[in-house]
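This report concerns only the one structure given below.
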There are 2 protein chains.
Amino acid sequence: MSTDRLSLIFSALADPTRRAILARLAEGDATVNELAEPFSISLPAVSRHLKVLEAAGLISRSRNAQWRSSKLEAEPLREATEWMDRYRRFWDASFTRLDEHLRRIQHDSQKPGVKQ
Amino acid sequence: MSTDRLSLIFSALADPTRRAILARLAEGDATVNELAEPFSISLPAVSRHLKVLEAAGLISRSRNAQWRSSKLEAEPLREATEWMDRYRRFWDASFTRLDEHLRRIQHDSQKPGVKQ
DNA sequence: CGGCTAATTAGCTGAATTGTTAAATACGAA
DNA sequence: TTCGTATTTAACAATTCAGCTAATTAGCCG
C-alpha cells in the first residue's frame with residue numbers, strides 16, 4: 001500500500017469487512033462494540049479496521065466517556081468516484097461506437113510490428 | 001485480499017502503478033513494453049500488475065504475434081462507482097443539514113450508556 | 001480507591017503483495 | 001532450425017495485512 005490519498009482510500013475499500021462497516025455507519029453512528037457485533041472477528045481486529053478507515057478519511061471518531069463513536073465521512077468516496085469518472089465514457093453506451101473507432105485508429109498507429 | 005468481485009476491483013485500484021497503467025490505456029491499447037516504459041520497475045513486475053488488472057476485469061488482453069495488447073475494460077469501475085453511490089447523499093451538500101440532524105437523533109437512541 | 005466496561009496496544013502468526021534476477025516460453029523472420 | 005524480441009514463470013527476499021490472545025489504557029461509578 002502506498003501512502004498517497006487515493007491508494008489509502010481504495011485499499012481501505014478493498015476489504016469486505018470494512019465495506020460492511022461503512023454500510024452500517026450509513027445508518028447511523030456506532031461504537032466499536034456495535035460495529036463488531038455482526039462479525040465473527042475479534043474486537044481488536046475491528047479496532048484496526050477502524051484505524052484503516054480513519055487513516056483514509058472515511059470515518060471520523062469522537063469520544064464520549066469510554067465509548068468511541070465512529071461517523072461516516074463520505075468525502076473520500078467522492079474523491080474516488082471523481083478519479084473513476086475519467087473512465088465513464090468507457091462504459092457509457094452512448095460513447096461506445098465512437099470510442100471503438102478512436103481506439104482502433106490509435107491502436108493502428110501505436111502498436112509496433114503489427115500488420116493488417 | 002478477498003475473492004469477491006468488488007474487493008478484487010478496489011484492491012487492483014489501490015496501487016498507483018496500476019492506476020497509471022489504466023490511465024495510459026485510456027489513451028489506447030498498448031503492449032507490455034509500452035506500458036512498462038514510464039516506470040522504473042522491471043518488466044516482470046509490470047506483467048504481474050497486468051495480471052491483477054485482468055483478474056479484476058479492468059483490462060482484457062489479446063495476442064498479436066509475440067505482442068500482447070492490453071485493452072481497458074471500464075465496466076468494473078462502473079460497478080465500483082455504483083457501490084459508492086449509496087453514500088452519495090453523505091457528501092451532497094443539500095443533504096448535509098438534514099443528515100446531521102437524523103444522525104444525531106439515531107445516535108442518541110442507539111448509543112448505550114450515554115447520558116446527556 | 002477498586003471494580004467494571006470499552007477500546008487499544010503488544011506480540012505473535014500465516015498468507016498475500018511487490019519487487020528482484022534468471023530461466024523459460026511464444027512466435028516471427030531469416 | 002536458429003536468432004531475436006516480447007512476455008511470462010520460477011524462485012527468492014522484504015514488507016504488509018488480517019487475524020488471534022493477552023495485557024494495557026481510559027473513564028465511569030459505587
Side-chain angles (χ1 to χ4, degrees), chain A residues 1-4 7-21 25 29-56 58-71 107 110-116, chain B residues 1-4 7-21 25 29-56 58-71 107 110-116:
Chain A
M1 174 177 76
S2 296
T3 54
D4 68 288
S7 296
L8 281 180
I9 295 168
F10 282 128
S11 81
L13 295 176
D15 185 282
T17 300
R18 286 194 288 263
R19 289 199 305 278
I21 288 174
L25 289 176
D29 299 1
T31 65
V32 178
N33 262 299
E34 288 168 344
L35 290 173
E37 198 271 324
F39 303 108
S40 53
I41 59 175
S42 68
L43 221 44
V46 172
S47 185
R48 227 161 345 171
H49 279 308
L50 293 176
K51 219 169 175 177
V52 172
L53 289 170
E54 191 175 24
L58 284 158
I59 64 171
S60 62
R61 317 181 69 184
S62 60
R63 184 184 283 291
N64 196 324
Q66 67 258 223
W67 293 274
R68 302 206 63 185
S69 184
S70 293
K71 175 182 157 190
H107 175 92
Q110 282 191 352
K111 197 155 147 204
V114 174
K115 295 175 185 163
Q116 25 193 7
Chain B
M1 172 178 79
S2 297
T3 54
D4 67 289
S7 297
L8 281 180
I9 296 167
F10 282 128
S11 81
L13 295 176
D15 185 282
T17 300
R18 284 193 290 262
R19 289 199 305 278
I21 288 174
L25 288 176
D29 301 0
T31 66
V32 178
N33 260 303
E34 287 168 346
L35 290 172
E37 198 272 324
F39 304 107
S40 54
I41 59 177
S42 67
L43 221 42
V46 173
S47 184
R48 226 160 352 171
H49 279 307
L50 293 176
K51 220 169 174 176
V52 172
L53 290 170
E54 190 175 25
L58 284 158
I59 65 170
S60 62
R61 319 182 68 186
S62 59
R63 184 185 282 291
N64 197 324
Q66 67 258 226
W67 293 274
R68 300 206 62 185
S69 183
S70 293
K71 176 183 159 190
H107 177 91
Q110 282 191 351
K111 200 156 146 200
V114 174
K115 295 174 184 163
Q116 24 195 7

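Every heavy atom of this structure was used, including side-chain atoms; hydrogens, water molecules and symmetry mates were not. Chain naming here is simple, since letters A, B, ... match the order of the sequence lines and numbering starts at 1 in each.
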Side-chain touch A:Ile41/A:Arg48, heavy atoms, less than 4.5 angstrom: no

Set of residues satisfying side-chain contact (heavy atoms from CB on, under 4.5 Å) with respect to A:Ala20, sequence neighbours excluded: A:Phe39

Side-chain N or O of B:Arg63 closer than 4.0 Å to phosphate OP1/OP2 of C:dA26: no

Any B:Arg68 side-chain N or O less than 4.0 Å from OP1/OP2 of C:dT25: no

Spacing of B:Leu50 atom CG relative to C:dT18 atom C1', expressed in whole Å: 14 Å

Value in whole Å for how far the C1' atom of C:dG28 lies from CD of B:Gln66: 6 Å

Rounded interatomic separation in angstrom, taking CZ from B:Arg61 and C1' from C:dA26: 14 Å

Whole-Å distance separating the CD1 atom of B:Ile21 from the P atom of D:dT7: 13 Å

N/O donor-acceptor pair under 3.5 Å between A:Arg18 side chain and A:Ser11 backbone: yes

Rounded interatomic separation in angstrom, taking CG from B:Leu35 and C1' from D:dT8: 15 Å

Close side-chain approach of A:Thr31 to A:Asn64, heavy-atom, < 4.5 Å: no

Phosphate-side-chain proximity, A:Ser47 and C:dA7, N/O vs OP1/OP2 below 4.0 Å: no

Phosphate contact (C:dA7 OP1 or OP2) by A:Asn33 side-chain N/O below 4.0 Å: yes

side-chain hydrogen bond (donor to acceptor under 3.5 Å, both in side chains) involving B:Arg19 - partner list, sequence neighbours excluded: A:Asp4, A:Ser7

B:Trp67 CH2 to D:dG4 P, straight-line distance once rounded to whole Å: 15 Å

Minimum-distance nucleotide (side-chain atoms of B:Thr31 versus C:dT8, D:dT7, C:dG28): D:dT7

Evaluation steps, side chain to side chain contact (heavy atoms under 4.5 Å, CB included), between B:Leu13 and B:Leu58: CA-CA 9 Å; B:Leu13 295 176; B:Leu58 284 158; 4.1 Å; yes

Interatomic distance where CG belongs to B:Asn64 and C1' belongs to D:dA6 [whole Å]: 12 Å

Name the pairs: protein N/O against N/O of nucleotides 19-22 of chain D, kept only if under 3.5 Å.
{"residue": "D:dG19", "atom": "OP2", "partner": "A:His49", "partner atom": "NE2", "Å": "2.4"}
{"residue": "D:dG19", "atom": "N7", "partner": "A:Arg48", "partner atom": "NH2", "Å": "3.3"}
{"residue": "D:dG19", "atom": "O6", "partner": "A:Arg48", "partner atom": "NH1", "Å": "3.4"}
{"residue": "D:dG19", "atom": "O6", "partner": "A:Arg48", "partner atom": "NH2", "Å": "3.3"}
{"residue": "D:dC20", "atom": "OP1", "partner": "A:Ser42", "partner atom": "N", "Å": "3.2"}
{"residue": "D:dC20", "atom": "OP2", "partner": "A:Ser42", "partner atom": "N", "Å": "2.7"}
{"residue": "D:dC20", "atom": "OP2", "partner": "A:Ser42", "partner atom": "OG", "Å": "2.4"}
{"residue": "D:dC20", "atom": "N4", "partner": "A:Arg48", "partner atom": "NH2", "Å": "2.7"}

Nucleotide D:dT5, atom C1' - distance to CD of B:Glu34 in whole Å: 14 Å

Under-4.0 Å side-chain N/O to phosphate OP1/OP2 contact, A:Lys51 with C:dT9: yes

Close side-chain approach of B:Ile59 and B:His49, heavy atoms under 4.5 Å: no

